[in-house]
Engineer: 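Got a structure for you, written out below as structure tokens; questions coming shortly.
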Amino acid sequence: MSSKSFVYVPPSEPVNNKNVKISQLCELCHARKAILKRPKNMQKVCKLCFFHVFETEIHNTIIDNNLFYRGERVAVGASGGKDSTVLAHMLKLLNERHDYGIDIVLLSVDEGIIGYRDDSLATVKRNQKQYGLPLEIVSFKELYNWTMDEIVACAGIRNSCTYCGVFRRQALDRGAEKLGINHVITGHNADDMAETVLMNILRGDVARLEKSTAIITKSKGSPIKRSKPFKYSYQKEIVLYAHYKKLDYFSTECTYAPEAFRGTAREFMKNLESVRPSCIIDIIHSGENLVLKKKDASQTKHGATGFVDGNRCEKCGYLSSNKKCKACILLEGLEANRATISIENDSSVDGAARVMRQLEHMSF
Amino acid sequence: MNELISKDIKRNKTRMVKIKVEFLGGLDVIFNKERVHNLNVPKEDPVTMADLLDFIVETMIANKKDVEVFLENGTVRPGIITLINDTDWELEGELEYVLEDGDIISFTSTLHGG
Ligand code: SF4
Ligand SMILES: [Zn+2]
Ligand SMILES: [Zn+2]
């Protein structure tokens, strides 16, 4: 990556100011030119009214769901990407404007992906200065003694995101614990949530469907709760907000990101959205309202395995519904691979696939 | 008088429309990692956004495989936000918008990074 990516170049300020027709006026203030038709309700709004309604809606989400209490210390999961950058900016702004009385810390995970995470961490460090917020970085290397680059070299690129996701989730919890913070806030937005709902419906994953739309999630016995204040915010509006506010975010694709977006639930949804923009919120509402008939306790996976929420991993002590946590199972697979990789050159991917199958049979 | 008009038409025929185009949100990867491009688009008739998209595909995307990252079904791919002077092109007539000198057109991917 060139050093260019370390310098933030804001988008250009338009110079062509044309006469505004009445039909082009903002539907809220009727004074300025509308610059955007809001996807959730098709309302045409000007830049200033957009800032106001967008910020107010997130404030309302925070208040309606009692996301914070006065004096609470919270960690924003900060990747340097658009969602978490807007999240950090927004929480700081709303905390000052509405006096939530919360203490905000940026918490970043360094997965160890050269050419991607090192550059995006540089963005987080700039955000730290821009917003005047403390920053804590936890790395895969220090927690697991593996970087993502090493994991991919060992287990292949195919399952990189599975490893990354499992390790990152735990890394965020451990980072928060280190800071003595019990609340991790993430930038998951309405598009992410609708995509998850769709995928869980397609897979028939009942257990996850109910959880996937929750704005606050907390496992029993865990001191760490997670929340998503952008649950109802469109990706499009988050990106536009960052654009108009000239927020400095990082948008290079991860080296191991899945090939393009062809055939993914995300692409399917973007196409739906272009026909009917409200569909994203509609999917979330459907997900929220799909209450499924409870199964007989003896039939459920949890009942069958004697699952007790709040169990701890026998290896690392991390909260786990099974004897070993997912991260430890993945690590064991990796260590085994590291040992055999020199003998059987081709075993890496097979080994990874086996671990993946094992994971699928576990209850989460 | 007549002469003046025909001169004007002639001049129009060879004129260029000068605009600035920006590829943001990670879209610059298919444009040599250059975010900002100052363009002179040859102009015979009024140049529309549809003409601009053709111009970009023909002259600026080096690897033809990358075209589908930018376009789908003859228009900008869903998930990319198109702004004309900071206004969503939905409100400006999309493909039919007629470009003027000094316009700033930005394409911002919402699909990249995260
Ligand atoms: S794309 Fe996959 S490997 Fe890269 S950071 Fe995201 S989850 Fe990790
Ligand atoms: Zn307004
Ligand atoms: Zn463990």
Side-chain angles (χ1 to χ4, degrees), chain A residues 1-2 4-5 9 11-18 23-24 33-39 42 44 46-47 79-84 116 120 187-189 191-192 234-240 242-244 249-254 257 260-262 264 266-267 269-275 277, chain B residues 17-30 32-39 63 65-70 72-94 97-114:
Chain A
M1 202 68 16
S2 65
K4 207 167 52 188
S5 49
V9 186
S12 304
E13 195 60 46
V15 285
N16 278 3
N17 292 317
K18 293 166 197 168
S23 63
Q24 293 178 313
K33 183 176 185 267
I35 44 98
L36 146 80
K37 194 153 85 184
R38 302 199 68 203
M42 306 304 266
K44 293 184 214 163
C46 70
K47 206 180 273 188
S79 68
K82 48 194 177 265
D83 300 309
S84 64
Y116 166 65
S120 58
H188 291 97
N189 58 46
D191 297 47
D192 298 328
Y234 274 66
Q235 178 80 79
K236 179 173 179 180
E237 295 199 336
I238 293 172
V239 172
L240 280 172
H243 180 91
Y244 293 137
Y249 71 88
F250 180 81
S251 52
T252 298
E253 203 59 61
C254 169
F261 309 91
R262 295 265 143 215
T264 60
R266 181 60 135 220
E267 198 194 17
M269 231 177 50
K270 285 285 128 190
N271 286 323
L272 277 180
E273 188 192 7
S274 66
V275 181
Chain B
V17 57
K18 288 190 176 67
I19 56 166
K20 191 189 270 187
V21 175
E22 304 191 336
F23 300 101
L24 310 172
L27 206 58
D28 55 318
V29 282
I30 61 168
N32 277 324
K33 299 206 174 140
E34 290 298 335
R35 291 161 49 109
V36 182
H37 300 251
N38 290 303
L39 299 186
N63 186 347
K65 269 197 197 153
D66 288 339
V67 172
E68 62 177 41
V69 176
F70 182 53
E72 191 177 291
N73 300 325
T75 188
V76 178
R77 177 160 168 210
I80 296 176
I81 303 172
T82 306
L83 300 180
I84 298 172
N85 298 317
D86 259 1
T87 299
D88 194 328
W89 79 329
E90 272 187 342
L91 301 176
E92 299 281 4
E94 302 197 2
Y97 175 83
V98 176
L99 293 167
E100 294 176 21
D101 278 337
D103 279 350
I104 296 177
I105 313 295
S106 68
F107 300 96
T108 306
S109 171
T110 66
L111 300 165
H112 285 79

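These numbers come from a predicted model, not from an experiment. In what follows, every chain begins at residue 1, and chains take the letters A, B, ... in the order their sequences are listed.
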Engineer: Counting only non-hydrogen atoms closer than 4.5 Å, does B:Leu27 touch chain A with its backbone (N, CA, C, O), its side chain (CB onward), both, or neither?
Structural biologist: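 Neither part; nothing is under 4.5 Å.
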
Engineer: Between A:Arg266 and A:Asp191 (salt bridge meaning N to carboxylate O under 4.0 Å), is one present in this structure?
Structural biologist: no

Engineer: Using the rule given for side chain to side chain donor-acceptor pair (under 3.5 Å), can you reason through A:Ser12 versus B:Glu22, listing the C-alpha separation, both sets of side-chain angles and the distance that settles it, and then say yes or no?
Structural biologist: CA-CA 8 Å; A:Ser12 304; B:Glu22 304 191 336; 2.3 Å; yes

Engineer: Less than 4.5 Å to any heavy atom of chain A: does that hold for the side chain of B:Glu100, its backbone, both, or neither?
Structural biologist: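 Contact with chain A: backbone and side chain both.
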
Engineer: Between B:Asp101, B:Asp28, B:Asp103, B:Leu24, which shows the greatest number of heavy-atom pairs under 4.5 Å with chain A?
Structural biologist: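 Option with the greatest count: B:Asp103.
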
Engineer: By a 4.5 Å heavy-atom criterion (distance strictly below it), what part of A:Ser274 contacts chain B: side chain, backbone, both, or neither?
Structural biologist: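 For A:Ser274, the side chain is the part near chain B, not the backbone.
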
Engineer: Does the distance from a Lys or Arg side-chain N to an Asp or Glu carboxylate O, for A:Glu267 and A:Lys270, drop under 4.0 Å?
Structural biologist: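 Looking at A:Glu267 and A:Lys270, the cut-off is not met.
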
Engineer: Non-hydrogen atoms of chain B under 4.5 Å away: do they reach the side chain of A:Ala34, the backbone, both or neither?
Structural biologist: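 Answer is both: backbone and side chain atoms of A:Ala34 are under 4.5 Å from chain B.
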
Engineer: By the definition salt bridge (charged side-chain N to carboxylate O under 4.0 Å, His left out), identify the one residue from A:Lys37, A:Lys33, A:Lys236 that meets it with B:Asp88.
Structural biologist: A:Lys236

Engineer: Return the option, out of B:Val36, B:Leu83, B:Ile84, with the maximum number of heavy-atom pairs under 4.5 Å with chain A.
Structural biologist: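 Highest number of pairs under 4.5 Å: B:Leu83.
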
Engineer: Between A:Asp192 and A:Gln235, is the side chain to side chain donor-acceptor pair (under 3.5 Å) condition met? List the steps.
Structural biologist: CA-CA 8 Å; A:Asp192 298 328; A:Gln235 178 80 79; over 6 Å; no

Engineer: Run the side chain to side chain donor-acceptor pair (under 3.5 Å) check on A:Ser251 and A:Lys82 step by step: do they pass?
Structural biologist: CA-CA 7 Å; A:Ser251 52; A:Lys82 48 194 177 265; over 6 Å; no

Engineer: Heavy-atom cut-off 4.5 Å, strictly under: side chain, backbone, both or neither for A:Gln24 against chain B?
Structural biologist: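 Answer is side chain: those atoms of A:Gln24 sit under 4.5 Å from chain B.
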
